[in-house]
A.B. asks: 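One structure, pasted below without further comment.
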Amino acid sequence: MATTSFATGANAAQPDAATQIEIYRRMNLIMQNDEASRKIIRSGRLMMPYYSQRGQEVIPSAISVNLNDDDKICTIYRGIHDMLAKGVPLRALWAEIAGKVTGTCKGKGGPMHITHPASGAILTTGIVGSSMPIANGLAWAAKLDKTRQVTIANFGDGASNIGAFHESLNLASLWKLPVIFVCQNNRFAEHTRYENGTSVDQISKRAAGYGMPGITVDGNDPYEMYAVANEAINRARDGEGPTLIEAMTFRFFGHVFGDDDFYMTKEEKSAAMAADPVPLYRAKLIANGVATEETLAALETDIAAQIADAIEFALASAPPPLEELTRDVYAEQGVA
Amino acid sequence: MSAIETKKITIIQAINEAISEAMAADPKVIVLGEDVADREGGGVVGVTRGLSTKYGDERVRSTPITEQAIMGAAIGAAIGGYKVVAEIMLMNFTTVAMDMIVNHAAKLRFMSGGQTGVPIVIRMMTGAGISSGGQHSDFLEAWFAHTPGLKVVLPSNPEDAKGLMLSAIADPDPVIFVECTRAYFTPYETPVNVAPIPLGKAKVTQQGTDVTIISYSEIFLRATAAAAELAKDGISVELIDLRTISPWDRETVIASVKKTGRAVIAHEAVKQFGVGAEIAATLQDELFGQLKAPIKRLGAPFTSVPFSGVLEQAFIVSVADIVAAAKSTLA
Ligand SMILES: Cc1ncc(C[n+]2csc(CCOP(=O)(O)OP(=O)(O)O)c2C)c(N)n1
């Protein structure tokens with residue numbers, strides 16, 4: 001599916017056994033976290049705009065195992081999976097989406113604006129397309145500092161039609177910035193089907209217009225996703241510039257929580273859900289002898305406990321004090 | 001008293017010196033924008049001329065015509081540890097980068113709970129009166145002053161421009177730095193060494209007792225000329241150059257109007273919903289009962305900047321307008 005030559009087959013980078021299990025751990029964490037999020041909204045215990053990432057677990061999991069803690073990511077409202085994969089701690093994340101002072105941003109950002117610099121999670125934007133120009137700046141700083149850090153800019157297929165995408169790819173290519181543009185193509189932008197909003201059949205083809213490699217991968221295949229991310233990240237680290245990765249995927253639960261999916265057919269949704277990448281990958285790990293049923297089950301139980309603990313922590317935490325309303329507008333209003 | 005060493009420089013040179021001094025003092029200060037490097041001429045009017053030669057093309061980086069990407073690169077690099085001076089050639093061109101400025105630069109500190117501040121200076125020039133027409137002349141400072149998280153600076157002379165730019169670069173938050181094209185080219189005797197001027201501090205350039213005239217940017221020069229006219233008629237004017245409109249120096253302005261009991265506020269931007277409205281509202285709130293006359297606001301009529309010279313001159317607040325407004329408060 002590549003529009004440029006990326007290593008494939010035997011030449012492609014392969015995750016070792018421990019990394020394969022780690023990819024699964026991150027996928028399962030995202031999946032369970034998403035289920036817990038939808039459940040708690042349904043129960044009425046938390047109210048928030050929620051953009052489910054269920055179905056898109058592979059992409060950030062297979063990318064992030066190639067990243068260091070000090071590499072950076074920028075993501076979008078549907079980016080909690082990216083944040084979790086990068087290592088944003090569960091308690092602070094849940095407290096943030098619950099609007100509590102113990103949250104990553106003291107409850108002032110909310111689920112659409114998670115920021116946790118210690119994990120390299122620098123930006124979550126609610127504006128379509130706006131992860132990319134800022135990712136360029138982080139990459140520019142790393143290049144000036146010669147740190148070999150890379151920045152991942154996550155965005156959706158719809159975002160490739162906004163001006164910021166085109167300006168960002170041009171500048172990143174011109175300046176050879178260590179940035180990887182990851183388009184998570186879930187085939188819909190809100191209610192608009194891919195082909196009704198996008199002029200090319202593959203977004204990766206747009207990379208050619210900016211003089212950078214572009215590649216379309218099966219974003220639900222952890223091995224393919226890992227190999228392509230690995231190569232793009234290495235290119236960026238070595239000063240060879242940016243890559244556009246189009247990762248094909250599907251979101252199982254619509255655009256935003258409460259979406260009734262009227263704009264897609266039941267058949268395509270059920271086909272996508274039947275190909276749920278999480279259980280498929282799980283079965284593969286066991287069939288290939290990479291992990292045992294017991295190992296994975298234990299890991300899943302552990303994740304469930306961590307999420308339950310984080311939710312309890314978040315619900316028990318205090319809301320931000322009223323002073324926070326006008327604090328942090330400027331630096332001098334920060335905590336002394 | 002020992003004489004302060006001075007030389008004649010323009011606002012263009014003053015800003016150039018401030019950026020150069022900041023770059024020399026701190027290797028983390030970087031510059032980007034369209035045509036800012038010397039290969040491209042060092043800026044369309046030469047504000048950044050010589051800087052890339054002195055500090056290298058990595059630190060003074062010409063960009064494509066890409067305002068969103070310029071602002072994004074500035075924001076990201078700032079979060080990544082740099083102090084970025086980003087040039088948006090003309091104030092009207094900020095309109096295509098408003099998402100980056102308003103939704104991101106201004107809000108990221110707050111939305112992250114104080115974790116990701118954005119220390120950038122966004123420089124731009126603007127102003128009517130040079131036949132540039134409707135899309136190259138607007139003063140849009142009220143938009144930015146209405147945005148929590150941004151600071152907004154508009155100097156009227158080289159010394160202030162230099163001192164304010166030094167502070168703007170050192171500031172941990174995003175600063176909109178507006179340079180009036182009409183004021184760019186006039187040389188003034190300016191101290192060779194200018195210390196940083198704190199943002200948010202107005203300057204009382206003339207003490208007076210009858211009426212306070214409050215202004216900023218090039219219109220402040222007109223206010224100064226108006227004060228001289230008024231003096232001929234025996235009217236004593238207290239003159240305040242705001243210099244920064246967000247935050248603005250309430251204490252200085254309120255103290256002055258408390259003393260004079262009369263106020264005229266003048267700016268180039270359209271009067272309706274302008275900076276003058278905010279100041280007038282604050283003054284009536286603070287000084288109700290102590291005012292001797294209604295506060296007068298002067299600004300452009302509610303229209304676009306016209307091309308035709310006659311209309312364009314009528315658009316900009318004139319010395320005569322300010323004189324008449326001041327006299328009306330004493331009538
Ligand atoms: C500039 C802007 N326009 C419109 C919206 C409203 N909006 C939010 S998400 C979205 C769809 C984006 O689709 P895509 O980029 O494919 O990402 P996905 O949500 O599918 O992950 C729209 C139109 C917005 N947030 N920002």
Side-chain angles (χ1 to χ4, degrees), chain A residues 72 74 96 101 103-110 112-118 122-127 129-145 147 149 151 163-164 166-172 174-175 177 179 320 324 326-335, chain B residues 27-28 30 32 56 58-59 61-84 86 96-100 102-120 147-151 171-175 199-200 246-247:
Chain A
K72 311 226 173 340
C74 294
E96 187 60 31
V101 71
T104 53
C105 312
K106 297 186 277 186
K108 304 205 290 189
M112 264 198 264
H113 304 297
I114 306 281
T115 303
H116 193 259
I122 302 296
L123 174 81
T124 304
T125 183
I127 308 295
S130 296
S131 57
M132 292 173 268
I134 295 174
N136 271 352
L138 292 162
W140 183 32
K143 189 180 167 95
L144 285 168
D145 288 338
T147 61
Q149 288 165 1
T151 302
H166 300 273
E167 290 196 24
S168 299
L169 265 66
N170 182 60
L171 194 74
L174 187 71
W175 289 6
L177 296 176
V179 59
E324 287 294 342
T326 51
R327 188 178 277 168
D328 301 321
V329 178
Y330 297 98
E332 56 263 35
Q333 295 163 337
V335 188
Chain B
K28 288 289 190 182
I30 54 176
L32 83 165
E58 288 291 308
R59 287 180 69 196
R61 192 112 208 218
S62 283
T63 67
I65 306 152
T66 192
E67 280 76 10
Q68 279 194 74
I70 291 170
M71 288 318 312
I75 293 165
I79 295 172
Y82 282 82
K83 290 186 176 302
V84 189
V96 296
M98 279 310 238
D99 165 52
M100 281 293 130
V102 173
N103 288 325
H104 294 89
K107 288 180 191 288
L108 290 183
R109 178 183 297 284
F110 181 86
M111 295 198 310
S112 68
Q115 299 178 95
T116 49
V118 183
I120 61 177
T147 303
L150 300 177
K151 297 183 178 181
D171 200 273
D173 287 305
V175 179
L199 305 187
S246 183

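The sequence lines fix the lettering, A, B, ..., with proteins before strands; numbering per chain opens at 1. Hydrogens, waters and symmetry mates play no part in the numbers below; they use all other heavy atoms, side chains included. Note that the structure is predicted; figures quoted are calculated from it, not measured.
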A.B. asks: Atom CD1 in I127(A), atom NE2 in H104(B): separation rounded to 0.5 Å?
C.D. replies: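 Going from the CD1 atom of I127(A) to the NE2 atom of H104(B) covers 6.0 Å.
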
A.B. asks: Under 4.0 Å between a Lys/Arg side-chain N and an Asp/Glu carboxylate O for E332(A) and R109(B)?
C.D. replies: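 No salt bridge links E332(A) with R109(B).
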
A.B. asks: Grab the two heavy atoms, one from P172(B) and one from A331(A), that are nearest each other, plus how far apart they are.
C.D. replies: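 In this case the closest contact between P172(B) and A331(A) is CG-CB, 3.3 Å.
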
A.B. asks: So which of I70(B), I65(B), V118(B), L32(B) has the biggest tally of heavy-atom pairs under 4.5 Å with chain A?
C.D. replies: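 Of the candidates given, the most pairs with chain A belong to L32(B).
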
A.B. asks: Tell me the closest heavy-atom pair linking G163(A) and Q68(B), and the distance in Å.
C.D. replies: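 Smallest interatomic distance, heavy atoms only, reads C-NE2, 4.0 Å.
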
A.B. asks: For G113(B) and K106(A), which heavy atoms make the closest approach, and how far apart are they?
C.D. replies: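 Scanning both residues completely, I find the closest heavy atoms to be O-CE, 3.1 Å.
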
A.B. asks: Go through the atoms of I30(B) and report whether side chain, backbone, both or neither lie under 4.5 Å from a heavy atom of chain A.
C.D. replies: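 Side chain only.
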
A.B. asks: State, with a plain yes or no, whether a side-chain heavy atom of F110(B) is found less than 4.5 Å away from one of R327(A).
C.D. replies: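 Not touching, per the 4.5 Å side-chain cut-off.
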
A.B. asks: With chain B as the partner, which of A172(A), G109(A), G129(A), G103(A) has the greatest number of non-hydrogen pairs under 4.5 Å?
C.D. replies: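 With the most close heavy-atom pairs to chain B, the winner is G109(A).
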
A.B. asks: Looking at chain A, which one of R61(B), K151(B), E67(B) has the largest number of heavy-atom pairs inside 4.5 Å, strictly under?
C.D. replies: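 Top option by heavy-atom pairs under 4.5 Å: R61(B).
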
A.B. asks: Go through the atoms of I122(A) and report whether side chain, backbone, both or neither lie under 4.5 Å from a heavy atom of chain B.
C.D. replies: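 It is both, since atoms from each part get that close.
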
A.B. asks: At their closest point, which heavy atom of A77(B) faces which heavy atom of W140(A), and how far apart are they?
C.D. replies: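 Closest approach of A77(B) to W140(A), heavy atoms only: CB-CE3, 3.7 Å.
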
A.B. asks: Go through the atoms of L123(A) and report whether side chain, backbone, both or neither lie under 4.5 Å from a heavy atom of chain B.
C.D. replies: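 Interface part for L123(A): side chain.
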
A.B. asks: Of all of D171(B), I75(B), L150(B), which one pairs up most often with chain A through heavy atoms under 4.5 Å apart?
C.D. replies: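 If we count pairs closer than 4.5 Å to chain A, L150(B) comes out on top.
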
A.B. asks: Quick check on the interface: out of P119(B), G80(B), A73(B), who has the most heavy-atom pairs with chain A under 4.5 Å?
C.D. replies: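 Top option by heavy-atom pairs under 4.5 Å: A73(B).
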
A.B. asks: I need the M71(B) CE to E167(A) CD distance, nearest 0.5 Å.
C.D. replies: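 Output value for this atom pair is 12.0 Å.
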
A.B. asks: Hey, what do you get for CG (L138(A)) to OH (Y82(B)), rounding to the nearest 0.5 Å?
C.D. replies: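 Going from the CG atom of L138(A) to the OH atom of Y82(B) covers 12.0 Å.
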
A.B. asks: Under 3.5 Å, is there a donor on one side chain and an acceptor on the other for H113(A) and S112(B)?
C.D. replies: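 Checked: H113(A)/S112(B) side chains show no N/O donor-acceptor pair below 3.5 Å.
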
A.B. asks: Counting C-beta onward and ignoring hydrogens, is there a side-chain heavy-atom pair between K28(B) and D145(A) closer than 4.5 Å?
C.D. replies: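 Yes, close enough: below the 4.5 Å cut-off.
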
A.B. asks: Once you round to the nearest 0.5 Å, how far does SG of C74(A) lie from CD1 of I79(B)?
C.D. replies: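 Separation between the atoms: 7.5 Å.
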
A.B. asks: Mind listing the closest non-hydrogen atom pair of S246(B) and Y330(A) along with its distance?
C.D. replies: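 In terms of heavy atoms, the two residues are closest at OG-OH, 4.0 Å.
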
A.B. asks: Nearest 0.5 Å, please: how far is CE in M111(B) from CE in M112(A)?
C.D. replies: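 Answer rounded to 0.5 Å: 10.0 Å.
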
A.B. asks: For a 4.5 angstrom cut-off between non-hydrogen side-chain atoms, does N170(A) reach P64(B)?
C.D. replies: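 Result yes, sub-4.5 Å side-chain heavy-atom pair found.
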
A.B. asks: Could you tell me the separation between the CD atom of E58(B) and the CG atom of L144(A), rounded to the nearest 0.5 Å?
C.D. replies: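 The CD atom of E58(B) sits 6.0 Å away from the CG atom of L144(A).
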
A.B. asks: Thinking salt bridges, do K107(B) and D328(A) make one under a 4.0 Å N-O criterion?
C.D. replies: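 Salt bridge absent between K107(B) and D328(A).
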
A.B. asks: Of the non-hydrogen atoms in T116(B) and P117(A), which two are nearest, and what is the gap between them?
C.D. replies: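 Here T116(B) and P117(A) meet closest at CG2-CG, 4.1 Å.
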
